[in-house]
Amino acid sequence: MNKKEFIKELRTKTNHLSPIEQNRIIEYYTEIIDDKLENNENEENIIKGLGTINEIIEKMKVDKPQNNNKILRITLLIFCSPILLGLYITGYALLFSLWITVAAFIFSSFLITLTLIPYLISILIYMMGTPFVALYQFGICIAMLGLAILLVIACYYMSIGAKKFNHFLRNSLLRIGKEFL
Amino acid sequence: MDSQLKKGLLELCVLAALKEEDSYGYKIIDDVKVYIEISESTLYPILKRLESNKLVLTYSEEHNGRLRKYYKITDLGKEKLKDSEQDWQQIKKVYKFILRGESYE
């Protein structure tokens with residue numbers, strides 16, 4: 001058999017495939033045959049070396065099952081997408097509000113400390129006049145400062161949690177992408 | 001070689017052939033057949049699978065008045081090659097077990 005006959009038979013026997021698939025196969029074998037011819041191999045020997053067309057078709061078939069799987073998965077994804085979309089929007093909204101809370105806590109702690117320090121100083125001055133009132137206000141100041149410290153500590157843990165949640169969302173999104181696309 | 005073993009190795013071999021530079025069908029077979037038996041009809045589904053799994057991408061370039069299809073390994077493909085090193089370590093261990101007692105030359 002020569003190159004022309006080989007390609008012709010290949011084309012006939014791949015007619016059941018999609019035109020894209022068929023052309024891909026024909027281009028593949030044409031290219032290889034041409035490369036071998038360029039390498040000064042004998043045309044008949046080249047064709048013989050490729051095996052029979054039936055063998056070639058058989059070897060391609062081994063891959064088919066994978067395709068069905070993909071169609072099913074993509075269909076599933078399309079049906080799930082409204083739910084998935086809702087879930088991810090909620091997830092990211094939660095994450096966003098978490099970060100906003102962290103920012104709010106830090107900001108308020110900052111403000112508390114900012115206003116309380118001068119207040120503390122004025123209280124100390126106050127001490128000389130009315131010690132009990134001053135003491136009471138001093139106590140409140142310390143409590144507020146304590147609250148500010150607690151808020152900052154809470155922020156630290158919240159931001160760790162937020163980062164983990166973010167990772168979780170990203171990874172699950174990536175995994176879904178890998179599975180279906 | 002056992003056909004089951006071969007199947008897994010061939011994909012990695014093809015990826016490895018693209019490790020240093022992009023290549024095309026004929027050349028890939030030439031490079032790989034030194035190490036393991038591979039035919040044109042075996043290579044075709046492998047390349048198809050690699051492409052659909054985004055381990056390689058393709059482009060065409062002109063060569064002597066005809067279009068040649070080149071294959072290029074992707075970052076994902078490079079990762080797969082790197083990960084296969086762990087398989088290699090495990091294979092060595094397993095074969096030590098399988099061949100224990102035999103004399104190695």
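So that the names make sense, note that chain A is the first sequence line, chain B the second, and so on, each numbered from 1.
Within 6.0 Å of the CD1 atom in I83(A), the count of heavy atoms belonging to other residues, nucleotides or ligands does not exceed 12. Surrounding CD of E5(A) are more than 12 heavy atoms belonging to other residues, nucleotides or ligands, all under 6.0 Å away. More than 12 heavy atoms of other shown residues, nucleotides or ligands fall within 6.0 angstrom of atom OH in Y92(A). Applying the 6.0 Å contact sphere to CZ of F165(A) captures more than 12 heavy atoms from other residues, nucleotides or ligands. A 6.0 Å sphere centred on CD1 of I160(A) holds more than 12 heavy atoms belonging to other residues, nucleotides or ligands. Atom CD of Q89(B) is surrounded by more than 12 heavy atoms from other residues, nucleotides or ligands within 6.0 Å. For CZ of F97(B), the number of neighbouring non-hydrogen atoms (other residues, nucleotides, ligands) closer than 6.0 Å is 12 at most. With a 6.0 Å radius and a threshold of 12 heavy atoms from other residues, nucleotides or ligands, K6(B) has its NZ atom above the threshold.
Between atom CG of residue N64(B) and atom CG of residue D35(A) there is a gap of 9.0 Å, rounded to the nearest 0.5 Å. If you take OG on S39(B) and CD on E55(A), they are separated by 9.0 Å, rounding to the nearest 0.5 Å.
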- Task: Walk me through it: do K36(A) and D30(B) pass the test salt bridge (charged side-chain N to carboxylate O under 4.0 Å, His left out)?
- Result: CA-CA 11 Å; K36(A) 292 194 179 208; D30(B) 233 26; over 6 Å; no

- Message: Apply side-chain contact (heavy atoms from CB on, under 4.5 Å) to residues R24(A) and K69(B) and explain how you reach the verdict.
- Response: CA-CA 10 Å; R24(A) 213 185 270 175; K69(B) 196 170 186 187; 3.9 Å; yes

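Two residues are said to be in side-chain contact when any heavy atoms from C-beta on lie closer than 4.5 Å; I32(A) and I29(B) meet this criterion. At a threshold of 4.5 Å between non-hydrogen side-chain atoms, the residues Y44(B) and K59(A) do not count as touching.
One hydrophobic cluster, built from ILVMFWY side chains closer than 4.5 Å, cannot hold both L145(A) and Y156(A); they sit in different ones.
Proximity to chain B (any heavy atom under 4.5 Å) is shown, for I25(A), by both the backbone and the side chain. Interface remark: L43(B) contributes backbone and side-chain atoms alike to the contact with chain A (heavy atom separation under 4.5 Å). Both the backbone and the side chain of R68(B) come within less than 4.5 Å of a heavy atom in chain A. The part of E38(A) that comes within reach of chain B is its side chain, from C-beta onward, which places non-hydrogen atoms under 4.5 angstrom from that chain.
Y26(B) and N39(A) share a donor-acceptor pair across their side chains, judged by distance under 3.5 Å alone.
When every heavy atom of E31(A) is checked against every heavy atom of Y24(B), the shortest pair comes out as OE2-CB, 3.7 Å. Shown here for L50(A) and S41(B), the closest heavy-atom pair between the two residues is O-OG, 4.4 Å.
Contact count against chain A (heavy-atom pairs under 4.5 Å) is highest for R66(B) among K27(B), H63(B), R66(B).
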